[in-house]
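In what follows, a single structure is set out as structure tokens and then discussed.
The figures that follow rest on heavy atoms only: side chains count, while hydrogens, waters and symmetry mates do not.
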Amino acid sequence: MNNSSFTLGNGLRIIHNYDPATAMVAVDVLYNVGARDENPQLTGMAHLFEHLMFAGSENVPDFDGALERVGGISNAWTSNDFTNFYDVAPAVNAETLFWLESDRMLSLSFSQKSLNVQRSVVIEEFKQTHLNRPYGDLSHHLRALLYTVHPYRYPTIGKEIDHLRRVTLEDLKRFYFSHYAPNNAVLAVSGNLTSDRVKELAEKWFGSIPRRDIAPRTYQQEPPVTSQRLECLERDVPRAMITVAFPMPAYGRPGYIECDLITDILANGRSSRFYRELVMQGDLFSDADASISGSDEPGFLMLNGRLNRSDDASVEEARRVLTEAACALAEPGNVTEHELTRAVNRFESQSTFSSMNFLNKAQALAMAEMHGEDINSIVPAYRHVTTSDITATAARILDPARSATIEYLPR
């Protein structure tokens, strides 16, 4: 992928990919702010801002209306680490996207009405996705079990609804002006727009936005997990579910890629171990999965299994079988070259097909720039992993004595 990059005087990093195969353009703004930057007594702020950023800025009272008039669409997402906003429109209308994103980086239009409306929307989302959905509060309990001091101990949606109810306009302004700034963001552009045009529009619309003092991250790092942790939940769910999580390295650190590949070997596709050994053989599991949190700081590798039966004996057996199936990767010679090659090929194909879309390309470029890495180096790094690396990482990470388990049971 041929890209160009430059930095404005105010610290805004810009990365660009010219794609003449499309008549469209995507503009992506990635802010280095997420749930980890919140006051522990006012959680959910970063996600609330995801909504507030569409509620009008200093010179644009109707963000969506201005975008729709030029044939554009937009969306956003928030994680514990980052907040991302992206817009797509015909390339001939690219300047509108730069104007809109620059204005909400310059200053939001803070009002009590806007806060009340967006707060109500987020509270309803909290209820729908975490309180009223089966297994919806799993992330709250799992994170609280894994983390004791680090802000990863609560999910992006927030720790509790009362935190959202307590947010004031002054809280919003303080959080906004200490995080949403050009020197705390990456602007990625992909589509039918030349590098010269990108530089021209970036200087015109973002160049005059002042740098800001970014709030330092003063929270404590999480101490190591040194013993098994277990929590049993009883809820109105149709059947039992077992989740076992193991602490793992942060993004970009040794072992991160191996952990990602371990979860693919275990649970990606019908040729994976979990599907063949747990779901297809026997009647204990209805499905089984494995994933990583993919976080910027030390995260977790998670095993998850839904059961066909919910009696105590079945739950205990499922927990043992799920853990043993994963820990088998730590045995010398257990991981085959075929399994590893299949997992790496799958990763490379997904990356390749994703990069054919200009919007996906813009988001991937923004994240790579935020991490300070060359996007073209990611796939080769996965190719460099050996079966011995997988075995060694599995032996280090998949340690039942350092795990956190949630037994989610029908009431």
Given side chains that start at C-beta, do those of [X] and [Y] come closer than 4.5 Å, heavy atoms only?
X: Val25; Y: Val189; value: yes
X: Pro223; Y: Thr148; value: yes
X: Gln112; Y: Asn116; value: yes
X: Thr387; Y: Glu339; value: no
X: Leu108; Y: Arg104; value: yes
X: Asp287; Y: Tyr275; value: no
X: Leu307; Y: Met241; value: no
X: Pro298; Y: Pro249; value: no

Practice problem: Please lay out, stage by stage, how Asn360 and Ser355 fare under the test side-chain contact (heavy atoms from CB on, under 4.5 Å). | Solution: CA-CA 6 Å; Asn360 293 340; Ser355 68; over 6 Å; no
Practice problem: Kindly indicate, with the supporting measurements, whether the criterion side-chain contact (heavy atoms from CB on, under 4.5 Å) is fulfilled by Val198 and Phe6. | Solution: CA-CA 10 Å; Val198 169; Phe6 58 97; 4.3 Å; yes
Indicate the atoms forming the closest heavy-atom contact of [X] with [Y], along with that distance.
X: Ala288; Y: Ala267; result: O-CB, 4.3 Å
X: Phe177; Y: Ser107; result: CZ-OG, 3.9 Å
X: Glu373; Y: Ile378; result: OE2-CD1, 3.7 Å
X: Tyr18; Y: Leu193; result: CD1-O, 3.3 Å
X: Thr393; Y: Gly255; result: CG2-O, 3.9 Å
X: Leu409; Y: Ala240; result: CD2-CB, 3.9 Å

Quiz prompt | From CA spacing to verdict: side chain to side chain donor-acceptor pair (under 3.5 Å), His163, Thr43 | solution = CA-CA 6 Å; His163 287 191; Thr43 61; 2.8 Å; yes
Non-neighbouring partners of [X] that pass ring-ring contact (aromatic ring centres under 6.0 Å, His included), sequence neighbours left out:
X: Tyr180; answer: Tyr31, Phe49, Tyr176
X: Phe63; answer: Phe54
X: His16; answer: none
X: His140; answer: Phe126, His130

Self-check item: Derivation and outcome, salt bridge (charged side-chain N to carboxylate O under 4.0 Å, His left out), residues Arg253 and Glu297
Solution: CA-CA 9 Å; Arg253 303 301 298 169; Glu297 297 184 52; over 6 Å; no
Self-check item: side-chain contact (heavy atoms from CB on, under 4.5 Å), paired with Met367, selected from Asp28, Asn84, Leu30
Solution: Leu30
Approximate separation, where rounding is to 0.5 Å, of [X] [atom1] and [Y] [atom2]:
X: Thr243; Y: Asp289; atom1: OG1; atom2: CG; result: 10.0 Å
X: Arg211; Y: Leu8; atom1: CZ; atom2: CG; result: 11.0 Å
X: Leu201; Y: Leu97; atom1: CG; atom2: CG; result: 9.5 Å
X: Asn304; Y: Phe274; atom1: CG; atom2: CZ; result: 9.5 Å
X: Arg166; Y: Leu42; atom1: CZ; atom2: CG; result: 6.0 Å
X: Lys159; Y: Asp162; atom1: NZ; atom2: CG; result: 11.5 Å

Any ion pair linking [Y] and [X] (charged N to carboxylate O, less than 4.0 Å)?
X: Asp196; Y: Lys199; result: no
X: Glu337; Y: Arg342; result: no
X: Glu348; Y: Arg383; result: yes
X: Arg36; Y: Asp296; result: yes
X: Glu222; Y: Arg153; result: no
X: Asp137; Y: Arg235; result: yes

Quiz item: Should we say atom CZ of Arg270 is surrounded by more than 12 heavy atoms from elsewhere, each under 6.0 Å from it?
Solution: no
Quiz prompt | Within 6.0 Å of CD in Gln220, more than 12 heavy atoms from elsewhere | solution = no
Exercise. Indicate whether any N or O donor in one side chain lies under 3.5 Å from an N or O acceptor in the other, for Glu50 and Thr78.
Key: yes
Quiz item: So, Asn80 and Thr156: side-chain donor and acceptor under 3.5 Å apart, yes or no?
Solution: yes
Exercise. In sequence, state the C-alpha distance, the side-chain angles, and the governing distance for Ile242 and Ile406, and then conclude on side-chain contact (heavy atoms from CB on, under 4.5 Å).
Key: CA-CA 6 Å; Ile242 302 294; Ile406 299 285; over 6 Å; no
Exercise. Determine, stepwise, if the pair Glu101 / Trp205 fulfils side chain to side chain donor-acceptor pair (under 3.5 Å).
Key: CA-CA 9 Å; Glu101 288 297 346; Trp205 291 107; over 6 Å; no
Practice problem: Carefully, step by step, assess Lys204 and Glu200 under the rule salt bridge (charged side-chain N to carboxylate O under 4.0 Å, His left out). | Solution: CA-CA 6 Å; Lys204 177 179 179 179; Glu200 176 189 347; over 6 Å; no
Exercise. Please list, chain by chain and in numerical order, all residues satisfying side chain to side chain donor-acceptor pair (under 3.5 Å) with Thr323, sequence neighbours excluded.
Key: none
Exercise. Check the pair Ile14 / Glu369 against side-chain contact (heavy atoms from CB on, under 4.5 Å), numbers first and verdict last.
Key: CA-CA 8 Å; Ile14 299 162; Glu369 181 66 26; over 6 Å; no
Quiz item: Restricting to pairs with a member in residues 318-375, which pass ring-ring contact (aromatic ring centres under 6.0 Å, His included), not counting sequence neighbours?
Solution: Phe82-His371, Tyr251-His371, Phe347-Tyr382
Quiz prompt | From CA spacing to verdict: side chain to side chain donor-acceptor pair (under 3.5 Å), Thr386, Asp389 | solution = CA-CA 5 Å; Thr386 66; Asp389 295 331; 3.1 Å; yes
Exercise. Output, in order, the C-alpha distance, side-chain angles, deciding distance and verdict of side chain to side chain donor-acceptor pair (under 3.5 Å) for Glu58 and Ser109.
Key: CA-CA 5 Å; Glu58 190 168 288; Ser109 179; over 6 Å; no
Exercise. Start with the C-alpha distance between Asp264 and Arg346, add both sets of side-chain angles, then the distance that settles salt bridge (charged side-chain N to carboxylate O under 4.0 Å, His left out), and finish with yes or no.
Key: CA-CA 9 Å; Asp264 275 358; Arg346 188 184 291 266; 5.9 Å; no
